[in-house]
Amino acid sequence: MSFVEYREPIQDGDTAIVFLGHDSMFPVTIKQGGQTQTKYGVIRHSTDLIGKKYGSKVTCSKGGWVYILYPTPELWTMNLPHRTQILYSTDISMITMMLELKPGSVVCESGTGSGSLSHAIIRTVAPTGHLYTVEFHQQRAEKAIEEFQQHKVDHLVRVKNQDVCKTGFGVSHIADAVFLDIPSPWEAIGHAKDALKIEGGRVCSFSPCIEQVQRTCLALTEHGFTEINTLEILLRVYDVRGINLPVPDFGTPAEEKSSDADKSKQLPASQPGTAHFKSGVSPREMVGHTGYLTFATKSLF
Amino acid sequence: MSFVEYREPIQDGDTAIVFLGHDSMFPVTIKQGGQTQTKYGVIRHSTDLIGKKYGSKVTCSKGGWVYILYPTPELWTMNLPHRTQILYSTDISMITMMLELKPGSVVCESGTGSGSLSHAIIRTVAPTGHLYTVEFHQQRAEKAIEEFQQHKVDHLVRVKNQDVCKTGFGVSHIADAVFLDIPSPWEAIGHAKDALKIEGGRVCSFSPCIEQVQRTCLALTEHGFTEINTLEILLRVYDVRGINLPVPDFGTPAEEKSSDADKSKQLPASQPGTAHFKSGVSPREMVGHTGYLTFATKSLF
Amino acid sequence: MWLWQSYNVCIFSSRKVIFEKQWIYLDNAIGKHYGTTFEITAGGNLQTKKNEIAAAEPKEAGADNRNIVDDGKSQKLTRDDIEALKEKGIKGQEIVQQLIENSTTFRDKTEFAQEKYIKKKKKKYEANISIVKPSTRILAMMYYAREPGKICQLRYDTLAQMLTLGNIHAGSQVIVMETCAGLLLGSVMERMGGYGSVIQMYPGTGPVRAATDCFGFPKSFYKTLYEFPLSKVESLISGTFSAHRSVHAEQDSVQGDEESNGSNAEKQEPAQDIEEDSSPATEAESTVNSNQPENQEEMEVTGEENNEKGQNLEKKQIAMEKKRKQDERRKREAEAAVLLQNKNADGHPLIHPMCLVFQPLLECYTKLRERGGVINLKLSETWLRNYQVLPDRSHPKLVMSGGGGYLLYGITVARETAKPNIRCPEKTEEPAPKKLKVAELES
Amino acid sequence: MWLWQSYNVCIFSSRKVIFEKQWIYLDNAIGKHYGTTFEITAGGNLQTKKNEIAAAEPKEAGADNRNIVDDGKSQKLTRDDIEALKEKGIKGQEIVQQLIENSTTFRDKTEFAQEKYIKKKKKKYEANISIVKPSTRILAMMYYAREPGKICQLRYDTLAQMLTLGNIHAGSQVIVMETCAGLLLGSVMERMGGYGSVIQMYPGTGPVRAATDCFGFPKSFYKTLYEFPLSKVESLISGTFSAHRSVHAEQDSVQGDEESNGSNAEKQEPAQDIEEDSSPATEAESTVNSNQPENQEEMEVTGEENNEKGQNLEKKQIAMEKKRKQDERRKREAEAAVLLQNKNADGHPLIHPMCLVFQPLLECYTKLRERGGVINLKLSETWLRNYQVLPDRSHPKLVMSGGGGYLLYGITVARETAKPNIRCPEKTEEPAPKKLKVAELES
């Protein structure tokens with residue numbers, strides 16, 4: 001298993017996702033002789049998992065069953081241990097496209113946080129690109145290094161524990177793209193510019209508050225960035241379900257009662273029916289805001 | 001005709017709406033002997049309109065026809081002569097409910113602008129309420145007075161030509177609700193508070209920019225307003241139309257060709273069909289922002 | 001009268017209510033102004049509270065949260081400590097202050113995080129309520145927040161649009177058909193201020209007005225309110241309607257036959273006929289899996305009077321009262337029938353069903369287009385975003401409503417061949433006017 | 001190479017292009033770096049321009065617009081004056097400056113109104129272009145802005161999600177079936193960087209790659225790209241597929257029969273079978289009234305080479321070349337068939353059709369649920385808001401996209417009774433696993 005390369009079958013040391021049903025899942029590290037508790041009973045790694053294919057159905061000790069899934073960055077985002085607020089796949093997809101990431105891209109990121117975006121970046125820039133990620137919180141930086149090793153992507157990433165606003169990314173003129181998710185991104189724009197390739201590149205800053213965006217846009221303009229563009233993306237997931245609507249009963253004109261059976265309306269009195277159909281129902285609540293994404297281009301001139 | 005009371009039939013002096021089809025309409029002042037040009041030909045007021053019912057179909061001189069509609073504040077909003085940016089019915093509906101307007105409410109408004117909101121307020125507070133509206137632009141104030149007379153609602157409204165930020169609404173402690181749509185609403189919050197009844201009331205400020213909202217919220221807090229709440233409402237109108245989707249042709253396994261006619265799939269080779277259905281298609285473009293609506297309550301304490 | 005805690009409001013009509021699992025005694029509130037804020041004491045009594053603006057603002061804050069190690073040990077006060085404070089009758093505000101002082105990480109948190117912490121704790125330990133006057137705004141927001149299922153998830157901005165687009169105002173003649181616990185009916189009545197007339201069309205055994213009665217309307221408003229059963233619409237149209245047949249006898253037969261329900265999607269059709277012919281109508285269609293349990297609670301039309309009179313009557317008096325009400329009811333029904341028959345179908349009015357799901361309105365749209373007599377039909381949805389506006393911390397609220405229902409609205413006009421008469425035969429489906437079809441295609 | 005004017009981009013491959021009704025000569029651009037900005041001179045030549053930051057900022061502004069009387073006479077320059085300036089070769093920037101100076105009301109306008117005025121005039125009179133490198137971002141935004149019909153209104157954020165949710169990366173094995181002019185295919189290829197393999201399934205006579213070819217991929221990328229006709233899917237599944245039957249003979253018969261199209265909604269079913277059995281698949285379904293006119297232009301698979309070689313060949317050579325390509329094509333088709341047959345249906349991959357309208361995906365969802373083998377199915381939509389961020393004038397953009405398409409996605413897993421083999425009989429509609437149904441109901 002590696003987050004950047006699909007490998008069969010399930011092996012000792014892999015990180016896999018145990019899927020219990022409808023958004024309920026968790027990650028597990030496969031260990032020879034290890035076992036995992038689920039609400040459906042125990043899963044024994046050696047007999048139930050190792051050697052099986054990803055996507056297999058595994059019956060637990062109590063008779064219930066689960067699916068074992070290959071870990072993608074998106075599944076990881078849904079299941080990773082939170083050390084900070086994390087970026088979700090809707091924002092990540094936009095960041096990836098708008099920063100023009102692809103195999104071979106060199107990317108600088110700060111902060112690493114819980115590594116949600118980092119995993120997605122590494123997946124996209126592999127096998128020839130690289131991620132330089134900076135995290136000012138020491139404990140988090142160490143945990144991230146550990147996770148990257150566990151997920152077999154450590155050759156594609158370098159984690160540094162420092163303050164990007166003070167000391168930058170520790171690299172100069174090598175990045176195609178820079179991503180900032182820090183409280184005061186405007187203080188890091190100079191460092192971002194320095195990290196980008198001489199011939200130019202793209203930068204993105206994620207901020208929850210509009211005031212942060214305003215200061216960042218000002219700093220981007222002052223540093224000569226162009227194509228400055230702020231956007232927001234929201235996800236609405238529809239709940240697909242069967243709907244039953246009662247059909248109103250309008251009664252029957254008195255004189256026609258039980259006389260004219262095959263009338264055009266065919267609505268016998270006191271027999272209200274029900275209309276059935278499938279529908280996508282909008283959720284009562286959804287995520288209303290994660291943050292503003294500000295993108296800009298550094299040109300050669 | 002009056003904007004606050006439904007009256008039949010069409011009379012000399014009425015303002016009516018000529019509806020040509022699909023969002024295409026315009027207002028007309030009915031005049032004995034008058035006539036109106038449309039793309040379907042001329043409408044003669046005396047013979048074609050006066051004495052008819054509102055909602056009637058009127059045949060024009062070239063044979064085409066139009067509908068004559070009773071003027072509601074909402075139709076007026078869609079057809080009024082623009083002297084400024086105007087408020088549309090989506091925002092107006094929210095303003096009306098959140099300001100708790102109803103028959104008998106006393107309302108202060110600034111600026112009058114093109115009178116789009118004014119008409120809706122007057123409609124809702126009639127017959128026992130009153131609107132005090134202030135407009136700093138003289139020409140606009142005069143035009144508004146004229147329109148209110150024409151629409152037979154002048155007994156429900158008083159228009160003043162002054163600067164609300166400097167001299168307020170010219171009334172004290174009589175309003176149930178205050179509405180502000182001016183460039184610097186924060187300068188008028190004190191006057192708004194003064195206009196509201198001693199026992200309290202509601203205030204609303206409409207501003208396109210978030211910076212205006214920030215200053216206004218600050219001013220509202222400083223003046224002791226509570227329940228300060230900023231929101232935004234957007235309208236998405238679906239385009240209902242028939243959709244044709246081509247059904248893909250997957251061919252037929254060679255040996256089964258023209259042998260098994262009533263197969264479960266019934267998809268003969270090289271006969272791609274089409275699926276028809278009605279659907280509501282989201283528009284390619286919609287209004288993305290009109291303004292932020294900030295509401296607040298003045299309490300007795 | 002109303003209890004208010006953020007948007008969490010609930011009704012009471014006695015001096016003792018249960019709210020958020022706590023009994024509250026309201027004696028101290030009587031005689032106070034609407035809008036007064038109270039703190040709930042340990043015993044459940046109310047104590048007047050001065051509105052404090054921005055109390056307990058954090059003073060010291062870390063620049064960021066890099067030094068915070070989350071080990072679950074940052075709060076030195078134990079659960080037992082807090083319970084002890086509560087039992088001593090210490091007020092919520094003081095408990096929150098003590099929590100802050102006993103947090104080892106509070107000072108290192110960013111201002112933003114401090115704010116969040118205080119807000120969370122305040123909500124948990126401080127029990128403030130305000131008593132406010134009921135209104136469409138208050139009730140619509142309350143129902144949407146606390147009991148959305150009862151009002152078919154009709155969001156308050158959607159309701160606001162129905163009232164405005166429907167041109168509801170003093171003097172209107174409105175038909176309301178809804179399954180929103182009477183919220184829509186109440187909001188229509190508020191906008192009419194006792195002028196004009198409202199006919200509530202109801203399915204089942206009686207009109208539902210649980211929310212309507214919460215508006216606290218004066219008695220006079222109810223004189224303009226009529227009700228008419230959906231099940232008599234056909235007979236009204238065919239001219240065979242008689243108000244003198246026993247209401248209850250009919251109801252029994254309805255309930256007896258309910259087991260044998262057929263399910264035929266085609267049956268929805270007549271619903272639209274009604275809307276059209278009885279315009280101006282404001283209609284909220286029943287939605288998701290609504291089996292209309294409210295319809296089973298037989299609503300009292302004259303419930304207002306009931307509160308005052310009904311207490312000490314003896315059995316006979318009750319029976320007489322019942323008879324009187326039944327007669328009253330039949331009389332009102334007959335009046336409603338007359339109003340319905342005199343209604344002018346054409347002109348300015350708008351119709352707009354609201355539905356939480358899309359498809360039924362799509363069908364409605366298509367049927368109305370085919371039938372004609374309605375122009376400028378629109379099928380729409382609104383998005384509502386609430387904002388947090390605070391110095392340096394402004395952004396849209398983190399949670400928003402995913403949907404507030406779809407709306408279908410238009411303007412009724414004269415129909416081509418049929419006369420504007422409620423008794424015209426609606427079974428003849430007429431082709432839509434040619435010109436209109438062209439306009440539609442152009443769009 | 002690309003022309004860039006705000007989001008208005010267009011392609012050129014010769015030295016002379018027409019853009020926004022003006023001929024532009026590109027000779028001066030050759031040798032310049034990507035990202036260079038040029039001004040278009042009167043003759044259509046390009047002149048390098050230094051990026052001016054916030055040029056011509058208004059200095060004097062009115063506090064509000066109370067004194068502005070709109071009488072249409074505020075501009076003293078006539079239309080003829082402006083034409084004269086243009087003919088003299090005066091640059092756009094100077095014309096705008098002159099317009100400002102000759103406006104009697106400009107100084108009385110608010111700063112906000114001045115800004116708007118300048119922006120409008122600049123757009124009208126200044127002709128600046130930049131030349132930028134093609135990428136998914138550039139192409140997706142360009143197609144959405146300028147030719148949304150060609151890409152089924154697939155909005156760029158929806159495309160972004162398909163790529164991310166599809167876990168498209170170097171080394172992936174992907175099936176692409178789209179009617180988006182090859183934009184989706186190109187973006188998938190960009191993300192794969194030449195590693196792995198892509199099979200393009202195509203309806204009609206040949207794969208459409210108009211947008212794909214705009215990415216400017218190196219030749220090596222095309223070695224990982226295969227194509228396979230939808231019309232041979234059934235024969236592939238039944239095991240009777242042969243790559244040696246003439247492609248063109250079949251096509252003729254297809255076109256001959258097209259007159260007698262039946263219209264049967266049920267026929268959509270097989271589309272879903274395909275998606276399922278050939279996962280991992282990234283599928284964009286055809287949408288609104290798309291008659292796929294692109295399919296008629298026979299796309300050249302080896303079009304890249306064509307540009308270099310095809311110019312001076314004689315007739316015989318052309319014929320030989322054609323034969324060679326046909327052979328090549330058959331060979332690739334056979335290779336694609338092998339890839340398809342070896343594909344592992346289970347495991348991690350995701351499938352996600354995109355559609356501009358809701359209903360087909362709803363049906364897709366239901367069918368997939370019934371069939372099983374897919375978990376965590378989601379039907380979603382994204383809202384995209386762009387912002388204007390300027391000192392004291394920040395707000396969402398006044399115009400936004402009303403919809404960018406709906407997305408259906410999920411994860412394929414092992415199916416209960418059928419083996420993970422592409423040749424398993426898909427006609428047996430299996431009941432969905434019981435547990436899953438429970439989970440679904442709980443939601």
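Here the structure is a predicted model, which is why all the values come from computation and not from measurement. Proteins get letters first, then strands, A, B, ... in listed order; numbering begins at 1 in each.
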Quiz item: Do you know which two heavy atoms are closest between P360(D) and L245(B), and how far apart they sit?
Solution: CG-CD1, 3.5 Å
Quiz item: Do other residues, nucleotides or ligands put more than 12 heavy atoms under 6.0 Å from the CD atom of Q85(B)?
Solution: no
Quiz prompt | Nearest heavy atoms of C209(B) and R393(D), plus distance in Å | solution = SG-CA, 3.6 Å
Quiz item: Out of L234(B), V237(B), T84(B), which one racks up the most heavy-atom pairs below 4.5 Å with chain D?
Solution: L234(B)
Practice problem: Return yes if some donor-acceptor pair links the side-chain N/O of Q359(D) with the main-chain N/O of F277(B) below 3.5 Å, else return no. | Solution: no
Quiz item: Looking at E232(B), E135(B), Q212(B), which has the largest count of heavy-atom pairs under 4.5 Å with chain D?
Solution: E232(B)
Quiz item: Between R284(B) and G403(D), is there a donor-acceptor pair closer than 3.5 Å when you use the side chain of the first and the backbone of the second?
Solution: no
Quiz item: Where do V213(B) and H395(D) land on the side-chain contact (heavy atoms from CB on, under 4.5 Å) test, with the steps shown first?
Solution: CA-CA 10 Å; V213(B) 174; H395(D) 57 71; over 6 Å; no
Quiz item: Just wondering, do Y292(B) and P396(D) contact through their side chains at under 4.5 Å, heavy atoms?
Solution: yes
Self-check item: Any donor-acceptor pair under 3.5 Å from R236(B) side chain to G402(D) backbone
Solution: yes
Quiz item: Hey, is K397(D) close enough to E285(B) for a salt bridge, meaning N to O under 4.0 Å?
Solution: no
Practice problem: Identify which of P283(B), S207(B), S184(B), G288(B) forms the greatest number of heavy-atom pairs closer than 4.5 Å to chain D. | Solution: G288(B)
Quiz item: Measuring heavy-atom distances to chain D, does R83(B) have an atom under 4.5 Å in its side chain, in its backbone, in both, or in neither?
Solution: neither
Quiz item: Hey, are D249(B) and K232(D) close enough for a salt bridge, meaning a charged N less than 4.0 Å from a carboxylate O?
Solution: no
Self-check item: Reported CZ-to-OG distance for the pair F358(D) and S282(B), which is rounded to 0.5 angstrom
Solution: 11.0 Å
Quiz item: Taking C-beta and beyond as the side chain, do R215(B) and D392(D) meet within less than 4.5 Å on heavy atoms?
Solution: yes
Self-check item: OH on Y387(D) to CD1 on I210(B), rounded to 0.5 Å
Solution: 8.5 Å
Exercise. Please name the residue in the list R385(D), Q388(D), M400(D) that meets the side-chain contact (heavy atoms from CB on, under 4.5 Å) test with H289(B).
Key: R385(D)
